[in-house]
Amino acid sequence: MSTAGQVIRCRAAVAWESGKPLSIEEVEVAPPQKDEVRIKILFTSLCHTDVYFWDAKGQNPLFPRILGHEAGGIVESVGEGVTDLKPGDHVLPIFTGECKECPHCMSEESNMCDLLRINTDRVGMINDGKSRFSINGKPIYHFLGTSTFSEYTVVHVGQVAKINPHAPLDKVCVLSCGMSTGFGATVNVAKPKKGQSVAIFGLGAVGLAAAEGARVSGASRIIGVDLNPSRFKQAKKFGVTEFVNPKDYNKPVQEVIVEMTGGGVDRSVECTGSIQAMISAFECVHDGWGVAVLVGVPNKDDAFKTHPVNLLNEKTLKGTFFGNFKPRSDIPAVVEKYMNKELELDKFITHTVPFSEINKAFELMLAGEGLRCVIRMDE
Ligand code: NAD
Ligand code: ZN
């Protein structure tokens, strides 16, 4: 029996207030409106960005909210005007969109769509500003336009990548944020040349995906930087060749890296969210040609401080959302890379839990254990 056009009642994990365990509730999910798609989420995984907006220590507290943005699912129904997706399509919802019409979408250099670029404070749909989720008539906020911690969610069509229906959604769901972001930050933005050295700050899933990008680019040295020594053993499997723990030194880690490399690394990619690591990642690159790329999501009041002479000395500072990939145009091909075994994803998935135990995924991330924890929505 078709559910198109009807309100769907299903389970969602609701964050009622900052830092409190999510609670699984029955929610009502309204049908998709113009340019919207309703998706049955099958697998979702936890990214550190969800945790920042859940604990809301450095971000605006917006509750009650359905978090989640890294996921895979199947289109249940589409709203008016949606022509390139139909029920049954396999899709990845993406936290930043592509309208395909604005100057950014027309540019080869940008994925910062005017209409659908990441907006962490938006709590409703673009059409009418309203939420499609409710409990007893009371609206529950959206998160990043994706809210994947729900059995069904409504997403703008511009934030949906249609992928190969043979791709295993329990694996490729991690391409919906973390793995594409880290990999793209290296191959699309830092662009190391063969034989160059690359420093990766933060050896969580995003950082190790950035290391994977360095490895496939033919980097000679991949220097991993993390405060958590238990990350180092795992990182070896991802091609990281050397390790630096800033806690082991009584001088700034950028100085350690400059000494190790005789002047600085050729490229660095920051995947921590720590403002201190962002500054170190910039200051450790070689003058004349070094490029640093920031990926970590900062606290809302952070400010980046460095001496301008670092820039005059011809070091380049960049940043990226989603590894500069355009979600609809580029992600289907990244999924194909996994299907052709050019890109490994399975090793990033260190845990899986049933939806009823979603809070375990938060506990693992807070403890710095494992990389990605995939949440199975059907259990
Ligand atoms: P994670 O928690 O799994 O990994 C972060 C790692 O950084 C941890 O191992 C932690 O020990 C390490 N770390 C923290 N502070 C550090 C410091 N000062 N120096 C060195 N290492 C430090 O997180 P993740 O899911 O891999 O995400 C990494 C970052 O990327 C987060 O900030 C997340 O919000 C951000 N992110 C950004 C985008 C984007 O599009 N720009 C997309 C996804 C995630
Ligand atoms: Zn993410």
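Computed from heavy atoms alone, side chains included, the values below leave out hydrogens, waters and symmetry copies. Read the numbers this way: they start at 1 and go in the same order the structure lists the ligands and their atoms.
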Which ligand 1 atoms, with their elements, are less than 4.0 angstrom from a heavy-atom of [X]?
X: Ser274; result: 15 (N), 18 (N)
X: Phe95; result: 40 (O)
X: Gly204; result: 3 (O), 4 (O), 6 (C), 9 (O), 26 (O)
X: Gly273; result: 32 (O)
X: Phe322; result: 39 (C), 40 (O)
X: Arg372; result: 25 (O)

Is the ring centre of Phe238 less than 6.0 Å from the ring centre of Phe348?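 When the ring centroids of Phe238 and Phe348 are compared, they turn out to be within the sub-6.0 Å range.
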Give me the nearest non-hydrogen protein atom to [atom] as residue plus atom name, then the distance to 0.1 Å.
atom: atom 14 (C) of ligand 1; value: Thr272 CB, 3.9 Å
atom: atom 17 (C) of ligand 1; value: Leu227 CD1, 3.5 Å
atom: atom 28 (C) of ligand 1; value: Cys271 O, 3.3 Å
atom: atom 38 (C) of ligand 1; value: Thr181 CG2, 3.6 Å
atom: atom 26 (O) of ligand 1; value: Val206 N, 3.0 Å

Selection from Leu371, Val293, Asp226 by shortest heavy-atom distance to atom 12 (C) of ligand 1: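 The residue whose heavy atom sits nearest atom 12 (C) of ligand 1 is Asp226.
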State if [X] counts as touching ligand 1 under the rule of any non-hydrogen atom under 4.0 Å.
X: Tyr52; value: yes
X: Ala205; value: yes
X: Gln276; value: no
X: Cys177; value: yes

Should Glu363 and Lys360 count as an ion pair when the cut-off is N to O under 4.0 Å?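 No, this pair does not count.
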Ionic contact status for Glu259 with Lys251, cut-off 4.0 Å: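 Answer for the salt bridge query: yes.
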Nearest-0.5 Å distance that lies between atom CZ in Arg65 and atom CG in Leu22: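 Here the rounded value is 12.5 Å.
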Euclidean distance, Lys162 NZ relative to Asp84 CG, rounded to 0.5 Å: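 Reported value, rounded in 0.5 Å steps: 7.5 Å.
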Ile24 reachable from Trp54 in the ILVMFWY side-chain graph, under 4.5 Å edges: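 Yes; tracing contacts between hydrophobic side chains, which count when under 4.5 Å, links both residues.
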Would you check the N or O atoms of [X], main chain and side chain alike, for any that come under 3.5 Å of an N or O of ligand 1?
X: Val297; value: yes
X: Met365; value: no
X: Gly323; value: no
X: Cys47; value: no
X: Thr49; value: yes

With respect to the Zn ion (ligand 2), please indicate if His48 possesses an N, O or S atom at a distance under 2.8 Å.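 His48 does not place any N, O or S atom closer than 2.8 Å to the Zn ion (ligand 2).
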For His142 and Phe133, take the angle between the two ring planes, folded into 0 to 90°, and tell me which bin it lands in: parallel under 30, tilted 30 to 60, perpendicular over 60.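 Ring orientation of His142 relative to Phe133: tilted.
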Got a donor-acceptor contact below 3.5 angstrom from the Lys236 side chain to the Thr241 backbone?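 Not confirmed, Lys236 side chain does not pair with Thr241 backbone.
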Modelled atom types, side-chain donor and acceptor of [X] and [Y], under 3.5 Å:
X: Gln196; Y: Ser220; answer: no
X: Ser23; Y: Glu25; answer: yes
X: Tyr338; Y: Asn164; answer: no

Please determine whether the number of non-hydrogen atoms from other residues, nucleotides or ligands lying under 6.0 Å from atom CZ of Phe243 exceeds 12.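 Counting other residues, nucleotides and ligands, CZ of Phe243 exceeds 12 neighbours.
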Only to 10 degrees, please: what angle do the SG atom of Cys177 and the SG atom of Cys47 make about the Zn ion (ligand 2)?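 An angle of 130° at the metal.
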